[in-house]
Amino acid sequence: MLNPFLAHGWAASPERLAIASAVTLGFAVLARAVRGVNLAGALAGGLACFLLFAGAGPTAFAMLALLFVMTWVSTRLGYHRKLALGLAERREGRSAWQVLANLAVAALASAVFSATGNRAWLVATVTALAEAATDTVASEIGQYRGADARLITTWERVPAGTDGGITIPGSVAGLAGGLVIAAVATLGGMLSPAELWIPVAAGLAGMLLDSLLGATLQRRGWIDNQTVNFISTLAAAVLAYAVLKFA
């Protein structure tokens, strides 16, 4: 029954499907054990992990694991400062909606690649993960290192952690995070060296869109942070797909 959806995916054989399932289970249990996610978040992350691994293979899982480590470490840097500012992540970890807001686009792109064999969807997968890394690291490091930020729409000074605020330390760290994700994808064969710049640039564009949406729609209460994250990863993936197909 799964064959049509895995025809071009890494887990096209029963043996590889079993490996993907076992790794997914181990990853979800570990993520929950270190309190990176709550129970619902572990289930959502496990689903995303399976789609990434089964569709795009071990390199996609390596990128996911690296994104998890980046998120876990950057979230905990300066935790007491963030706690005092009311910006700290909950101790029990991220919820299912928080997880899916960052991973759903990458997981679905991987699934489409698995069903179609169209390489452009691999680039979209990498880009969605690169954008998630760029945005998450930029936000967390900005709160940790930046005393204040600049509102992207007016450039006025605002407290670090303000929706739509950007900082130089956070932006530089976020760009580095996206570059690391793209480099792993290139080393693992998901991208050619000539394509490495696409997820980095599109991920940065997605991060800036995230800030723009935060400064406008989110500050007005029209959408929440998770919706902003989902839209930003989707926009970055669409941009990368378009560049690859039409540039």
Report the residues that fulfil side chain to side chain donor-acceptor pair (under 3.5 Å) with Q226, sequence neighbours left out, ordered by chain and then residue number.
none

Do L191 and P199 come close enough that some side-chain heavy atom pair is under 4.5 Å?
yes

Same cluster for V105 and V238 if Ile/Leu/Val/Met/Phe/Trp/Tyr side chains link at under 4.5 Å?
yes

Shortest non-hydrogen separation from E195 to R119 and the atoms involved
OE1-NH2, 3.1 Å

Indicate every side-chain donor-acceptor pair of residues 20-31 with a distance under 3.5 Å to a residue at least two apart or in another chain.
unit_1 : atom_1 : unit_2 : atom_2 : d
S21    : OG     : L17    : O      : 2.9
T24    : OG1    : A20    : O      : 2.8
T24    : OG1    : F50    : N      : 3.4

Distance from T216 atom OG1 to I152 atom CD1, nearest 0.5 Å?
9.5 Å

For A133 and G178, the nearest pair of non-hydrogen atoms, with its separation, is CB-N, 4.4 Å

Side chains of L43 and L47: closer than 4.5 Å at any heavy-atom pair?
no

Any donor-acceptor N/O pair, R32 side chain to V37 backbone, under 3.5 Å
yes

Rounded distance (nearest 0.5 Å) linking atom OG of S211 with atom CG of D135:
7.0 Å

Find out whether W222 and T227 are in side-chain contact, i.e. whether some heavy atom of one side chain is under 4.5 Å from a heavy atom of the other.
no

Got a list of side-chain donor-acceptor pairs under 3.5 Å for residues 122-130, not counting sequence neighbours?
unit_1 : atom_1 : unit_2 : atom_2 : d
T125   : OG1    : S110   : N      : 3.2
T125   : OG1    : W121   : O      : 2.8
T127   : OG1    : V123   : O      : 2.8

Approximate separation, where rounding is to 0.5 Å, of T233 OG1 and L209 CG:
10.0 Å

Within one Ile-Leu-Val-Met-Phe-Trp-Tyr cluster: V228 and L103, side-chain cutoff 4.5 Å
no

Should L100 and V112 be counted in the same cluster of Ile, Leu, Val, Met, Phe, Trp and Tyr side chains packed under 4.5 Å apart?
no

Please report the closest heavy-atom contact between E140 and S74, naming both atoms and the distance.
CB-O, 3.4 Å

Is there side-chain contact between Q218 and L213, with heavy atoms separated by less than 4.5 Å?
no

Measure from the side-chain N and O atoms of T167 to the backbone N and O of G170, and report whether any donor-acceptor pair falls under 3.5 Å.
yes

Reported CD1-to-CG distance for the pair I231 and D210, which is rounded to 0.5 angstrom
9.5 Å

Residue pair R150 / R157, side-chain heavy-atom distance below 4.5 Å:
yes

Roughly how far, to the nearest 0.5 Å, is the CD1 atom of I166 from the CG atom of L208?
6.5 Å

I need the L179 CG to L196 CG distance, nearest 0.5 Å.
6.0 Å

Non-hydrogen atoms of S114 and G55 that approach each other most closely
CB-CA, 3.8 Å

Which atoms form the tightest heavy-atom contact between S232 and E131, and what is the distance?
CB-OE2, 3.5 Å

Who pairs with N225 by side chain to side chain donor-acceptor pair (under 3.5 Å), at least two apart in sequence or on another chain?
none

On a heavy-atom basis, the closest approach of G214 and D163 is O-CB, 3.3 Å

Give a yes or no on whether W197 and L244 share a hydrophobic cluster (residues Ile, Leu, Val, Met, Phe, Trp, Tyr; joining criterion: side-chain heavy atoms under 4.5 Å apart).
yes

Is any side-chain heavy atom of Y241 less than 4.5 Å from a side-chain heavy atom of N118?
yes

Hydrophobic cluster membership, with links at side-chain heavy-atom distances under 4.5 Å among I/L/V/M/F/W/Y: are L239 and M190 in one?
yes

Who passes salt bridge (charged side-chain N to carboxylate O under 4.0 Å, His left out) against R219, sequence neighbours left out?
none

List the atom pairs, donor and acceptor, that lie under 3.5 Å between side-chain atoms in residues 61-72 and the rest of the protein, sequence neighbours left out.
unit_1 : atom_1 : unit_2 : atom_2 : d
T71    : OG1    : L67    : O      : 2.9
W72    : NE1    : V34    : O      : 3.2

